[in-house]
There are 2 protein chains.
Amino acid sequence: MTQPPAQRQTRQRAAVQALLNEFVDFRSAQQVHELLRSRGESVGLTTVYRSLQALSEAGEVDVRVNDEGETVYRKCSEHHHHHLVCRECGTTVEIAGPTVESWVDRVATVHGFTSVSHTFDIVGLCPACS
Amino acid sequence: MTQPPAQRQTRQRAAVQALLNEFVDFRSAQQVHELLRSRGESVGLTTVYRSLQALSEAGEVDVRVNDEGETVYRKCSEHHHHHLVCRECGTTVEIAGPTVESWVDRVATVHGFTSVSHTFDIVGLCPACS
DNA sequence: ATAGGTGCAAAGCATTTGCAGCAGC
DNA sequence: GCTGCTGCAAATGCTTTGCACCTAT
């Protein structure tokens with residue numbers, strides 16, 4: 001019983017993780033890959049997928065599936081807010097909602113759930129597109 | 001200017017719509033197809049996809065993308081509730097949240113957004129899996 | 001009769017997997 | 001040096017599209 005298998009630290013892994021830290025919102029594996037390439041880091045798409053998967057299993061990032069069916073990742077952050085998105089032009093408004101967070105906690109507690117996380121999105125038509 | 005193009009009523013379309021009315025929760029196109037077949041209705045998978053798309057554009061059904069990346073549909077219902085899902089065993093608890101609905105309306109109004117809809121999911125560990 | 005609907009087969013995408021070579025430790 | 005990591009190419013799975021035939025109106 002030596003040390004548990006542990007993860008090996010590699011350039012690619014570090015690059016993916018570092019990139020995620022630059023954003024507060026969700027990014028798809030393909031976007032991450034694209035961004036890394038565009039800044040000279042040579043990382044295979046497969047590796048990006050695997051790194052993101054590893055990170056999510058380690059609880060380092062949150063995972064979601066967006067409307068296009070893409071899996072998107074975001075580094076876990078305490079200060080997490082939500083978005084109001086225009087279905088027509090894509091305009092996004094950041095909204096703060098202490099209400100939601102506390103409501104989530106309350107509901108989860110009532111049902112005995114632990115380590116909960118949530119996703120919450122509102123889509124509609126913005127003033128300009130109405 | 002006669003009647004607008006209008007939709008043609010067909011057996012397949014009706015079957016898909018009828019099936020959706022039997023469920024209150026989300027079903028994938030493939031599930032709908034499978035179910036229709038299993039009860040003798042002969043409908044092509046392509047048609048199921050197209051019917052569901054048409055229904056969603058007509059605002060008759062809600063659309064979502066689940067964790068597996070499948071697009072799922074549900075007939076619009078006034079009484080729309082949310083779920084608390086166990087990340088481990090998949091146990092699902094239905095939760096009613098007038099709080100959320102009203103909060104959504106308020107936020108949307110403040111920003112001038114109209115015809116808004118929202119998705120809201122909470123995942124965590126249920127008592128049994130903690 | 002005619003425009004829209006249907007369904008098969010093929011194409012498109014995002015993601016996963018097989019496998020040989022590479023690199024932390 | 002051993003084991004895990006990488007990345008290409010091929011495979012998978014859901015969804016869309018091309019196209020010829022069919023059918024509600």
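Order of the sequence lines sets the chain letters (A, B, ...), proteins ahead of strands, with each chain counted from 1.
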Peer 1: If I compare all heavy atoms of A:Arg13 with all of A:Ser51, which pair ends up nearest, and what's the gap?
Peer 2: CD-OG, 3.8 Å
Peer 1: How long is the gap from CD on A:Gln17 to CG on A:Leu52, to the nearest 0.5 Å?
Peer 2: 10.0 Å
Peer 1: Can you tell me how far P of C:dC25 sits from CZ of A:Arg13, to the nearest Å?
Peer 2: 11 Å
Peer 1: B:Ala29 has a side chain; which of D:dT15, C:dT15, D:dT6 sits nearest to it?
Peer 2: D:dT15
Peer 1: Rounding to a whole Å, what distance do you find between A:Phe26:CZ and C:dA14:P?
Peer 2: 19 Å
Peer 1: From the list D:dG7, D:dT25, C:dA14, which nucleotide is the closest neighbour of the side chain of B:Gln9?
Peer 2: D:dT25
Peer 1: At under 4.0 Å, does any side-chain N or O of A:Gln12 touch on OP1 or OP2 of C:dA23?
Peer 2: no
Peer 1: Choosing from C:dT16, D:dT23, D:dG7, which nucleotide comes nearest the side chain of A:Arg11?
Peer 2: D:dG7
Peer 1: Which nucleotide, C:dT6, C:dG7, D:dT6, lies nearest any side-chain atom of B:Val43?
Peer 2: C:dG7
Peer 1: Assign A:Glu68 to base, sugar-phosphate, or nothing according to its heavy-atom contacts below 4.0 angstrom with the strands shown.
Peer 2: nothing
Peer 1: Are B:Arg39 and B:Glu22 ion-paired here, with the side-chain N under 4.0 Å from a carboxylate O?
Peer 2: yes
Peer 1: With rounding to the nearest 0.5 Å, note down the distance linking CD in B:Gln31 to OG in B:Ser38.
Peer 2: 11.5 Å
Peer 1: Answer yes or no: does a side-chain N or O of A:Gln53 lie under 4.0 Å from OP1 or OP2 of C:dT15?
Peer 2: no
Peer 1: Just wondering, do B:Val65 and A:Asn66 contact through their side chains at under 4.5 Å, heavy atoms?
Peer 2: no
Peer 1: Heavy atoms under 4.0 Å, any strand shown: does A:Ser42 hit a base, just sugar-phosphate, or nothing?
Peer 2: sugar-phosphate
Peer 1: Expressed as a whole number of angstroms, how long is the span from A:Leu55:CG to D:dC5:P?
Peer 2: 12 Å
Peer 1: I want to verify a distance call: between D:dT15, C:dT15, D:dC5, whose nearest atom is closest to the B:Gln30 side chain?
Peer 2: D:dT15
Peer 1: How long is the line joining CG of B:Leu36 and P of C:dT6, in whole Å?
Peer 2: 12 Å
Peer 1: Just how far, in rounded Å, is C1' of C:dT15 from CG of A:Asn66?
Peer 2: 13 Å
Peer 1: Classify B:Thr46 by what it touches in the nucleic acid, base, sugar-phosphate, or nothing, heavy-atom distance under 4.0 Å.
Peer 2: base
Peer 1: Is any side-chain N or O of B:Arg50 under 3.5 Å from a base N or O of D:dT16, one able to act as donor and the other as acceptor?
Peer 2: no
Peer 1: Under 4.0 Å between a side-chain N/O of A:Thr47 and OP1 or OP2 of D:dG7, yes or no?
Peer 2: yes
Peer 1: What does A:Gln31 touch in the nucleic acid at a heavy-atom separation under 4.0 angstrom: a base, only the sugar-phosphate, or nothing?
Peer 2: nothing
Peer 1: Out of D:dC8, C:dG5, C:dT15, which has the shortest distance to the side chain of A:Tyr49?
Peer 2: C:dT15
Peer 1: Nearest to the side chain of B:Arg8, heavy atoms from C-beta on, is which of C:dA3, C:dA14, D:dT15?
Peer 2: C:dA3
Peer 1: Within the structure shown, what part of the strands sits under 4.0 Å from A:Thr71 by heavy-atom distance: base, sugar-phosphate, or nothing?
Peer 2: sugar-phosphate
Peer 1: What integer distance in Å separates B:Leu45:CG from C:dG7:P?
Peer 2: 10 Å
Peer 1: For the pair made of CD in B:Gln17 and P in C:dG5, what is the distance, rounded to whole Å?
Peer 2: 13 Å
Peer 1: Could you point out which residue of B:Val116, B:Val110, B:Thr109 forms a side-chain contact (heavy atoms from CB on, under 4.5 Å) with B:Phe113?
Peer 2: B:Val116
Peer 1: For the pair made of NE2 in B:His33 and P in D:dT16, what is the distance, rounded to whole Å?
Peer 2: 15 Å
